[in-house]
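Structure first, then comments.
Any value given below was found using the heavy atoms of this structure, including those in side chains, with hydrogens, waters and symmetry copies removed. Model, not experiment: these values are computed from the prediction.
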Amino acid sequence: MQIGALLILATGFGQLALRLRFPAVAGELLAGVVVGPSLLGNVAPDFSRWLLPRDPEQMHLIGAISQLGVLLLVGITGAHIDLGLLRRKRVAIGWVSMGSVLFPLALGVGLGFLLPASVMGEGADRTTFALFIGVAIAVSALPVIAKTLMDMGLLHRNVGQVIVGAAAVSDVLGWMLLSVVSAMATASFRLIVVAESVGYLLIVLAVTVFLARPLIGRVLRPIESSAESTERGMAACVVLIVLSAAGTHALNMEPILGAFLCGTVIGSLGRNRRRLLEALRPFVMAVLAPLFLATAGLQVDLSALKDLSVLAAGLITLVVAVGGKLVGGYVGARMGKLDHNASLAIGAGLNARGVVEIVLASVGLSIGVLNTASYTIVVLVAVVTSVMAPPLLRRTTSRIVKTTTEIEREHDYAGVQRVG
């Protein structure tokens, strides 16, 4: 009943959002908000308790499906990272990444120390909470950004490629920082914990580059040439992603980091290997991702915003998040020798936080850094910034003249699509 109801609502609201030219993520998240404590819990509390009983055993059932959806979604996102693009545009992307991550991160940490204690998770210390808010404000969402650019015909323009490259770096840094903060949250803030987390992180990266990449390539090589390559490849990719997530989880790091790195490795092994992972996309995007987003919406309680201190904290967080990313992206782009209009477009495009921030908020709630009020604030920032990104991009890119190289790149891509 729960899966059926949430999936129907998430699909319907997602399609409605697309018709209104908003990201589908906004509608899918709204589905959970509608049947959660914000609306149905207030209008029909008895029916809400029958459909979505709050006992832990029942909530863990749908939470398990949601967790699988998150891991596969993040793995597919990792496969989107074009390492060749990062190398070609490394100077501009490097400056943009530094500006769009470090500046909002610093603002977010400062804000975390100033927010009222009423929005902190029970038992969370102020330093860990501040670092978590900094990470939440610093991240971007590569899946939402890539789809937005694709829908607007900007993915193959120079400014679009810089945005995607910087968003990829932001995603990597975001998951890494989240792993460090999560370790601090579960073991309290001590320098030895931070040093241990950073050490484990370096080990994971080394294993990914020198061991996991050749190993995964060897596992997938015989599968891609078999008669049943699609079915066996999907199963193999799910196993690899889940085991990678289990590996980072065993080191007291976020499972999401392992899934993300595994997806990045599979994507870097070439088109044929990437195709095996891409075969999962329809089911993940049509079923598991909407279920995850709707489940995330169930945790949102908009009634918390009736408290003026929480509402003020939410508005301030939103302003800091939007302003920090816009200014940081713009300054970084200018340092990378990009012009004024392109720099504005980059700052606007990187503001979309979407799924990444919602995943991050769910992690923060589960480890006790956030409470319901701060979780609601972070999720609202994710939705508002994702809804704002398309009109801001449309306005800022309208003044950028399309170059000959961009036209040729667009035609080449269209030719590949027709051949495919």
Side-chain angles (χ1 to χ4, degrees), residues 60-81 83 142-143 168 171-172 174-180 182-183 186 196-226 228-285 287-289 291-292 355-356 359-360 362-363 366-367:
H60 287 164
L61 289 175
I62 196 163
I65 299 174
S66 174
Q67 177 74 0
L68 177 63
V70 170
L71 295 178
L72 296 181
L73 178 63
V74 170
I76 291 173
T77 299
H80 278 219
I81 293 183
L83 298 178
L142 180 60
D171 269 12
V172 173
W175 296 130
M176 292 178 180
L177 289 169
L178 177 59
S179 293
V180 174
S182 297
T186 54
E196 185 180 77
S197 300
V198 173
Y200 281 147
L201 186 57
L202 294 176
I203 292 172
V204 167
L205 293 178
V207 169
T208 300
V209 174
F210 297 109
L211 183 61
R213 193 174 190 275
L215 181 61
I216 290 175
R218 185 171 299 177
V219 169
L220 296 180
R221 189 178 299 118
I223 294 176
E224 65 177 303
S225 58
S226 68
E228 300 174 342
S229 62
T230 300
E231 292 82 357
R232 293 175 60 191
M234 290 170 62
C237 287
V238 171
V239 170
L240 289 169
I241 289 172
V242 171
L243 289 181
S244 299
T248 51
H249 184 60
L251 296 175
N252 292 322
M253 303 174 74
E254 273 306 308
I256 292 167
L257 177 63
F260 183 80
L261 292 175
C262 181
T264 304
V265 168
I266 294 174
S268 71
L269 292 173
R271 182 180 299 177
N272 289 335
R273 316 284 169 77
R274 193 183 308 122
R275 175 180 56 81
L276 300 177
L277 180 57
E278 284 294 315
L280 284 167
R281 172 182 290 277
F283 179 71
V284 172
M285 300 306 291
V287 179
L288 294 181
L291 275 176
F292 159 69
V355 175
V356 173
V359 172
L360 190 145
S362 300
V363 172
S366 65
I367 63 178

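- The shortest side-chain heavy-atom distance between Leu257 and Leu201 falls under the 4.5 Å cut-off.
- Put simply, the side chain of Val239 does not reach to within 4.5 Å of the side chain of Val219, judged on heavy atoms.
- Closest of all the heavy-atom pairs between Tyr200 and Leu251 is CD1-O, 3.5 Å.
- The CG atom of Leu276 lies 10.5 Å from the CD atom of Glu231; values are rounded to the nearest 0.5 Å.
- Taking each heavy atom of Met285 and Leu73 in turn, the nearest pair found is SD-CD1, 3.6 Å.
- Annotation: salt bridge (Lys or Arg N to Asp or Glu O under 4.0 Å) contacts of Arg275 (sequence neighbours excluded): none.
- The side-chain heavy atoms of Pro255 and Leu71, taken from C-beta on, include a pair separated by under 4.5 Å.
- With values rounded to the nearest 0.5 angstrom, Leu360 atom CG is found 10.0 Å from Leu177 atom CG.
- Listed here is the closest heavy atom pair of Cys262 and Ser244: CB-OG, 3.4 Å.
- In this structure Ala279 satisfies the side-chain contact (heavy atoms from CB on, under 4.5 Å) test together with Thr230, Met234, sequence neighbours excluded.
- Contact of the Arg274 side chain with the Leu269 side chain is not registered, since no non-hydrogen atoms from C-beta on lie closer than 4.5 Å.
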Listed pairs under 3.5 Å, donor-acceptor, residues 203-214 side chains, sequence neighbours left out:
residue	atom	partner	partner atom	Å
Thr208	OG1	Val204	O	2.7
Arg213	NE	Ser268	OG	3.2
Arg213	NH2	Ser268	O	3.0

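- Checking each of Ile216, Ile223, Ile266 against Cys237 for a side chain to side chain contact (heavy atoms under 4.5 Å, CB included) leaves exactly one that passes, namely Ile266.
- Shown here for Leu288 and Gly69, the closest heavy-atom pair between the two residues is CB-CA, 3.7 Å.
- Counting heavy atoms from C-beta outward, Leu280 and Val238 have side chains that approach closer than 4.5 Å.
- Across all non-hydrogen atoms, the minimal contact from Ile241 to Gly75 is CD1-CA, 4.1 Å.
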